[in-house]
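Here's the structure, in structure tokens; my notes come after.
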Amino acid sequence: MPTVLTDVFRGHPIHLPHTHQPDFTSLSELPDSYTWTSKDDPLFTAPPSPPDAGESIPLIDLNHPDAANQIGRACRTWGAFQIANHGVPLELLQGIEFLTGSLFQLPVQRKLKAARSDTGFSGYGVARISSFFNKKMWSEGFTITGSPLNDFRKLWPQLHLNYCDIVEQYEEQMQKLASKLMWLSLNSLGVTEEDIKWATVSSDLNWAQSALQLNHYPVCPEPDRAMGLAPHTDSTLLTILYQNNTAGLQVFRDDLGWVTVPPVPGSLVVNVGDLFHILSNGLFKSVIHRARVNQTRPRLSVAFLWGPRSDIKISPVPKLVSPDESPLYRSVTWTEYLRTKATHFNKALSMIRNHREK
Ligand SMILES: C=C1C[C@]23C[C@H]1CC[C@H]2[C@@]12CCC[C@@](C)(C(=O)O1)[C@H]2[C@@H]3C(=O)O
Ligand SMILES: O=C(O)CCC(=O)C(=O)O
Ligand SMILES: [Fe+2]
């Protein structure tokens, strides 16, 4: 039996106290434990890209005949892009935003009934990467994998079935979209179905699995000194992110610094994750991103984290490795990678890198 995401962290307990969250709504000043400086995160004070530079990740129309090349270029230069005309019904985006809003509006005691356990994957809590930072993040999250029925019943004794239905429909749409995006970007590199046996388009997506991460960034009295979600790359093939109409997501580019990804109503943000970076032998960048917070408007986001089933080994596509070199990375399953990341965080990629003998 392949491992499922639910079991990934069974042998890797992390204790993240959820019970000492501040009452976000009543604070007028930022407590020291939430005040970030460059000592807490070396990129904290990296220069923001000048707003007038006007450069951000591209917005790509999926109906455009050249969409595949545009996506390929965005994966190489940014590791992220936004998409319009993606085919996901607007009502479904509104539905998942409504669900996320109502979840985080519940009283804290109710949310804690579905708290993520130390060895668990799903449930309510602070971001997993919190353990790698000294300061706390100004956010709360809820992770879903598999059926949310048990958790949702605790949160909403009456309405849980409606909400389960929304999650199911949302995941179904995201699955289809993610696989389409993966193939568009691979095709732009000349990689076709014959090159990746486990991931054929015609297979029923049985080779993939996913999680949903709901995020809430409450209004913050001193947003410039706080951090919503610290810089990280996603441990996925691709992540599809829905953000409400409050800005906060930023992506990092060595040459530009932090670049804000403006919310475009109805569009979705796509991030290249570490596994896609590995699969593309380093050609696609897994993008470093973070979320900042806001003084007047609460922010919500929903990340669809997408990867291969746990028995599938990901390694660089041979076609993308030049004949006189070894592949940049050795092969890993998603489970192995998530566990490496849970222990080594941003060193995880370098730990599976092949060292060139020469
Ligand atoms: C499938 C995944 C991917 C995880 C771990 C696990 C479940 C939750 C995901 C996130 C979501 C929030 C940011 C992140 C960095 C975090 O702390 O939890 C993500 C992490 C990763 O992409 O590494
Ligand atoms: O809230 C955001 O915009 C980013 C969320 C994110 O990066 C994640 O959930 O992995
Ligand atoms: Fe992320």
Side-chain angles (χ1 to χ4, degrees), residues 3-10 12 14 16 57 79-80 82 97 100 104 116 119-133 137-146 178 208-218 227-252 258-264 267-277 286-294 298-310 332-349:
T3 333
V4 286
L5 288 175
T6 328
D7 299 322
V8 162
F9 301 121
R10 279 268 151 84
H12 294 243
I14 40 160
L16 297 166
I57 63 173
Q82 303 211 63
E97 179 176 337
T100 306
F104 291 113
R116 194 177 61 225
T119 53
F121 189 95
S122 310
Y124 173 73
V126 300
R128 237 171 206 292
I129 52 170
S130 302
S131 61
F132 297 101
F133 296 90
M137 301 181 203
W138 197 264
S139 60
E140 51 183 346
F142 194 95
T143 314
I144 299 170
T145 191
Q209 61 180 340
S210 64
L212 267 191
Q213 171 76 19
L214 317 180
N215 299 302
H216 174 221
Y217 308 91
M227 180 64 83
L229 185 61
H232 65 279
T233 58
D234 292 342
S235 320
T236 56
L237 279 171
L238 289 174
T239 301
I240 304 179
L241 187 89
Y242 173 78
Q243 53 175 342
N244 74 349
N245 62 1
T246 304
L249 175 65
Q250 295 182 325
V251 298
F252 188 75
W258 288 108
V259 179
T260 296
V261 178
V264 177
S267 78
L268 294 162
V269 180
V270 183
N271 290 341
V272 170
D274 295 339
L275 296 183
F276 210 28
H277 172 80
S286 52
V287 65
I288 299 176
H289 55 287
R290 67 178 184 183
R292 299 307 304 268
V293 294
N294 192 286
R299 179 162 183 274
L300 299 172
S301 72
V302 177
F304 175 77
L305 303 148
W306 188 69
R309 221 175 44 203
S310 302
V332 274
T333 65
W334 197 11
T335 299
E336 285 161 2
Y337 191 72
L338 282 169
R339 289 177 181 157
T340 307
K341 188 93 166 222
T343 324
H344 303 283
F345 189 47
N346 55 13
K347 311 259 173 337
L349 263 184

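Order of appearance sets the numbers: ligands from 1, and atoms from 1 within every ligand.
Closest protein heavy atom to atom 23 (O) of ligand 1: S235 OG, 2.5 Å. Protein heavy atom in closest approach to atom 2 (C) of ligand 1: L338 CD2, 3.7 Å. Distance from atom 4 (C) of ligand 1 to its nearest protein heavy atom, with residue and atom name: L305 CD1, 4.6 Å. Of all protein heavy atoms, the one closest to atom 7 (C) of ligand 1 is F121 CZ, 3.4 Å. In this structure, atom 3 (O) of ligand 2 lies nearest to the protein heavy atom R299 NH2, 2.7 Å.
At a heavy-atom distance under 4.0 Å, no atom of N215 approaches ligand 1. If you look at R128 next to ligand 1, the close heavy atoms, those under 4.0 Å, come from the backbone and the side chain alike.
Residues passing the side-chain hydrogen bond (donor to acceptor under 3.5 Å, both in side chains) test with T236, sequence neighbours excluded: T239.
Under the 4.0 angstrom criterion for non-hydrogen atoms, Q243 is not in contact with ligand 2. Residue contacts with ligand 2: H232 is included, with a non-hydrogen atom under 4.0 Å away.
A cation-pi contact links R290 to W258, judged by a cut-off of 6.0 Å to the six-membered ring centre and 45° from its axis. Judged by the 6.0 Å distance and 45° axis criteria, R10 is not positioned over the aromatic ring of F121.
Taking distances strictly below 2.8 Å, the protein N/O/S atoms close to the Fe ion (ligand 3) are H232 NE2, D234 OD1, H289 NE2.
The closest side-chain donor-acceptor pair between S139 and N215, if any, does not fall under 3.5 angstrom. With no hydrogens or angles considered, no side-chain donor-acceptor pair links T233 and S286 at under 3.5 Å.
Of the polar atoms of I129, at least one N or O is found under 3.5 Å from an N or O of ligand 1, judged by distance alone.
Counting the atoms of ligand 2 from 1 in the order shown, those under 4.0 Å from a heavy atom of L229 are 5 (C), 6 (C), 7 (O), 8 (C). Counting the atoms of ligand 2 from 1 in the order shown, those under 4.0 Å from a heavy atom of Q213 are 9 (O).
Atom 19 (C) of ligand 1 lies below 4.0 Å from none of the non-hydrogen atoms of the protein.
For the pair T246 (side chain) and P298 (backbone), a donor-acceptor distance under 3.5 Å is present.
The heavy atom nearest to atom 13 (C) of ligand 1, out of those in Q209, Q213, R116, H232, is found in H232. Looking at F304, Y217, Y242, it is Y217 that brings a heavy atom closest to atom 1 (O) of ligand 2.
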